[in-house]
Number of protein chains: 2
Amino acid sequence: MKDNILYSRGLQKVKDCGYKLTGARQTVLQVLCENHIHLTSAEIYQYVKERNPKIGRASIFRALDLFTELSIIRPTYYEAQSPHYIVLAEDGHHAHFICNQCDRVIEIEECQINNILGELSALHNLTMTGHVLEVYGVCESCGSRDKQIDYDVVGSATRSN
Amino acid sequence: MKDNILYSRGLQKVKDCGYKLTGARQTVLQVLCENHIHLTSAEIYQYVKERNPKIGRASIFRALDLFTELSIIRPTYYEAQSPHYIVLAEDGHHAHFICNQCDRVIEIEECQINNILGELSALHNLTMTGHVLEVYGVCESCGSRDKQIDYDVVGSATRSN
DNA sequence: TTAGATGCAAATAGTTTGCATTTGT
DNA sequence: ACAAATGCAAACTATTTGCATCTAA
């Protein structure tokens, strides 16, 4: 875990800002960084419980709020459920793709969005500390499955959507 | 209202997909399109009530879910509260900036992000239907207010944050 | 006419808060 | 040592669901 740059950096930030490095905070951040997919508070609670059953729900919410305030993580919303928390990259960047059909989340690593954002923040006189880009549509496997269906019904019917 | 392109397009989509054009749905979409800022379900409920007190909470949630499914709107999350619903542009684009200090939301209109996204979707074999870009940091007025404070305390104290 | 949508109220999540106790510095 | 953080349980808020009624097509 110590070799996880996001984890170390996160803890350092907590410390630097004058907050205590408590067990609850460390465990929550560990869970977030290890499973660096998108977790809901309920999922985080489950993982945290496995490591330390003593930690309660309230502490998890308090940790998540703190991390959000410090821009270590960011809550995002998709498919109208409860928020998912994601760990931001060192430059405050995060981008992912969500498939409308299978709800799969694909992380987008390589992305030159910072170039655009530099211009934008200059234009509006904004100081940028981070961003989340959420792209949605249809993923490769769902797309090809659709084509298959199209092929099957050629000459017999057209798909409505 | 009829001249609001997002509103008309939204209703058309509802109709085209075989859903009824009911009073509740029309009112909710009107509210969303007129106040095209970010509204929570509670705020939407208030506005809707003003126009038609008969409409209940459940219908609002059901309308929001439908609109989300049809990519007419998108729920987003910021400052760890309940989701805010935003109306997407015709090309599925939406971008905004959120000030960490005053929570102000600034819409970003001019944005060439679609260029980047085109490349990305080709790379991953994704079909893109829309996106939300959420940038956060410090806005112009909060930024200059900070400088003012810095100036005021020069020589007497340093600010912790 | 009738399947689909609504409004209500009750049920169910999801999150926050108060407070006595514990813990990191 | 002691302010800050925790865990618990209760309070609160947000959302969903069942069902009788209504309404758009």
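Labels below follow one simple rule: chain letters A, B, ... track the order of the sequence lines, proteins then strands, and each chain is numbered from 1. Please read all numbers here as calculations on a predicted model, not as lab measurements.
Of the N and O atoms on the side chains of B/His131 and B/His93, at least one donor lies less than 3.5 Å from an acceptor on the other residue.
Nearest-nucleotide assignment on DNA chain D puts the 5′-proximal partner with A/Leu66, out of B/Arg62 and A/Leu66. Each of B/Lys49 and B/Gly18 was matched to the nucleotide of DNA chain C holding its nearest heavy atom; the match closer to the 5' end belongs to B/Gly18. Checking B/Thr22 against B/Ala58, the closest nucleotide of DNA chain D that is more toward the 5' end is the one next to B/Ala58.
At whole-Å resolution of the value, CD in A/Gln26 and C1' in D/dT6 are 14 Å apart. Rounded to a whole Å, the OH atom of B/Tyr45 is 15 Å from the P atom of D/dT13. One can place CG of A/Asp16 at 15 Å from C1' of C/dT25, the figure rounded to the nearest angstrom. Atom CD1 of A/Ile60 is separated from atom P of D/dA5 by 17 Å (rounded to the nearest Å). A/Lys15 places its NZ atom 19 Å from the P atom of C/dT23, with the value rounded to the nearest Å. Residue B/Lys20 contributes atom NZ, which lies 15 Å from atom P of D/dC22 at whole-angstrom precision. The distance from atom CZ of A/Phe61 to atom P of D/dA5 is 19 Å, rounded to the nearest whole Å. Counting to the nearest Å, the P atom of D/dC22 and the CG atom of B/Leu21 are 22 Å from each other.
When the nucleotides C/dT6, C/dT25, D/dT16 are ranked by their closest atom to the side chain of B/Ser59, C/dT6 comes out on top. The nucleotide whose nearest atom lies closest to any side-chain atom of A/Ile55 is, among D/dG7, D/dT16, C/dT6, D/dG7.
The hydrophobic clustering, which links ILVMFWY residues whose side-chain heavy atoms are closer than 4.5 Å, places B/Leu29 and B/Tyr45 together.
Close to D/dT15, at under 4.0 Å from its OP1 or OP2, lies a side-chain N or O of B/Ser41. The shortest distance between the side-chain N/O atoms of A/Arg25 and the OP1/OP2 oxygens of D/dA5 is below 4.0 Å.
Atom CZ of B/Arg9 is surrounded by more than 12 heavy atoms from other residues, nucleotides or ligands within 6.0 Å.
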TODO: May I have the step-by-step check of side chain to side chain donor-acceptor pair (under 3.5 Å) for B/Glu107 and B/His94, ending in yes or no?
DONE: CA-CA 8 Å; B/Glu107 301 298 332; B/His94 184 87; 3.2 Å; yes

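Remark: A/Leu6 CG to A/Ile73 CD1 distance equals 12.0 Å, nearest 0.5 Å.
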